Amino acid sequence: MRKPMIAGNWKMYKTAGQAVFIVQDLAELIKDVKDVEVIVCPSYIALKSVSTVIEMDKLNMGLGAQNVYWEEEGAFTGEVSPMMLKDLRVDYVIVGHSERRHIFGETNEMVNKKLKAVLAHDMKPILCVGETKEEREEERTDEVIKEQLFGNLAEVSLRDIRKVVIAYEPVWAIGTGLTASSEDANDIIQNIRALIESLYGSEVAEDIRILYGGSVKPENITELMEEQEIDGALVGGASLDAQSFAKIVKYQSAEE
Ligand code: PEP
């Protein structure tokens with residue numbers, strides 16, 4: 001049974017103080033939610049404060065980072081290492097987000113190095129894959145996702161793959177208000193599961209969690225979560241407000 005996960009990616013929004021306020025508000029709003037794993041991914045700057053409040057107040061949520069560099073330490077001005085994130089009790093690290101790939105030029109090889117560094121420091125990667133609008137129009141979605149997955153998971157062992165969460169995020173749906181239809185997202189996630197099966201076998205494919213991301217909101221989360229293959233959501237814009245993020249986390253109550 002795959003435990004649903006809802007992760008909020010706060011991108012380059014919120015000061016450390018604002019991040020702590022949201023986390024406290026969110027914790028209060030979702031205090032009765034038991035069967036969903038909730039992750040918040042603030043900016044590097046806010047990780048320490050958020051980590052402290054999660055620990056001190058024993059909050060029902062995990063901590064994620066939005067990025068990492070693959071080296072342990074060294075002369076890499078402006079970068080943050082996996083060892084530093086682990087020291088802040090970070091549980092998950094987003095790798096391969098489309099903004100990193102497209103704005104900062106991260107290649108599949110770089111994403112692979114980051115993913116392996118996260119695993120080597122006993123944290124869990126949230127690996128984002130997804131096609132651009134042009135790639136979709138050229139009917140290259142399957143090919144692009146296969147190339148990303150195979151490249152990003154190169155040399156990842158059967159033991160380590162169990163710690164990986166995948167997020168299918170069509171680039172054209174991120175921050176645009178456009179969402180893949182739930183059936184479409186489900187079909188692509190099913191293909192991703194089949195690719196994982198071809199690499200790691202059916203047991204891993206059955207167990208691995210695959211999220212959907214791209215303009216997820218309180219209004220569309222229930223429909224997405226009704227799909228068989230969708231195990232949760234990576235949420236950007238709608239996770240910046242505690243009320244709307246809490247509604248997404250509590251998608252099951254909306255069904256009642
Ligand atoms: C994201 O940043 O991963 C994302 C899906 O953003 P949004 O929900 O704003 O589309």
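Just follow the structure's listing: the first ligand is 1, and inside any ligand the first atom is 1. Note that the structure is a prediction, hence the values are computed from the model and not measured. Only heavy atoms go into these numbers, but all of them, side chains included; no hydrogens, no water, no symmetry mates.
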Using distance only, find each side-chain donor-acceptor pair of residues 182-189 under 3.5 Å and give its atom names and separation, not counting sequence neighbours.
unit_1, atom_1, unit_2, atom_2, d
S182, OG, E223, OE2, 2.9
D184, OD2, R136, NH2, 2.3
N186, OD1, E229, N, 2.9

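- The shell of residues lying under 4.0 angstrom from ligand 1, judged by heavy atoms, excludes A167.
- The atoms of ligand 1 that sit less than 4.0 Å from any heavy atom of G175 are 7 (P), 9 (O), 10 (O).
- Below 4.0 Å from some heavy atom of G237 lie the following atoms of ligand 1, by number and element: 7 (P), 8 (O), 9 (O).
- Partner W172 forms a side chain to side chain donor-acceptor pair (under 3.5 Å) with one of E131, E137, E135 and no other, that one being E131.
- Proximity of M61 to I54: side-chain heavy atoms (C-beta onward) are separated by under 4.5 Å at one or more points.
- Between T176 and ligand 1, not a single N/O pair is under 3.5 Å apart.
- Residues L47 and R89 are not in side-chain contact: their nearest non-hydrogen atoms beyond the backbone lie 4.5 Å or more apart.
- Counting heavy atoms from C-beta outward, I196 and L153 have side chains that approach closer than 4.5 Å.
- Scanning all heavy atoms of the two residues, the minimum distance from S51 to L63 falls at CB-CD2, 3.5 Å.
- Checking N112 against N152 by side-chain atom types alone, no donor-acceptor pair falls below 3.5 Å.
- Taking a cut-off of under 4.0 Å to the non-hydrogen atoms of A173, the atoms of ligand 1 that pass are 10 (O).
- Residue S239 does not touch ligand 1, judged by heavy-atom distances below 4.0 Å.
- Under the side chain to side chain contact (heavy atoms under 4.5 Å, CB included) rule, M5 has a single partner from I210, L234, I39, D231, which is I39.
- Each of the atoms 7 (P), 8 (O), 10 (O) of ligand 1 lies under 4.0 Å from some heavy atom of S215.
- The atoms of ligand 1 that sit less than 4.0 Å from any heavy atom of L234 are 3 (O), 5 (C).
- Judged by the shortest distance from any of its heavy atoms, H97 lies inside the 4.0 Å radius around the atoms of ligand 1.
- Ranking protein heavy atoms by distance to atom 8 (O) of ligand 1, first place goes to G236 N, 2.8 Å.
- With a 4.0 Å heavy-atom cut-off, ligand 1 is reached by the side chain of N9 but not by its N, CA, C or O.
- Near G214, the atoms of ligand 1 lying under 4.0 angstrom from a non-hydrogen atom of the residue are 5 (C), 10 (O).
- For the pair K146 and F150, the cation-pi test (distance below 6.0 Å, angle within 45°) is passed.
- The protein heavy atom nearest to atom 5 (C) of ligand 1 is E169 OE2, 3.1 Å.
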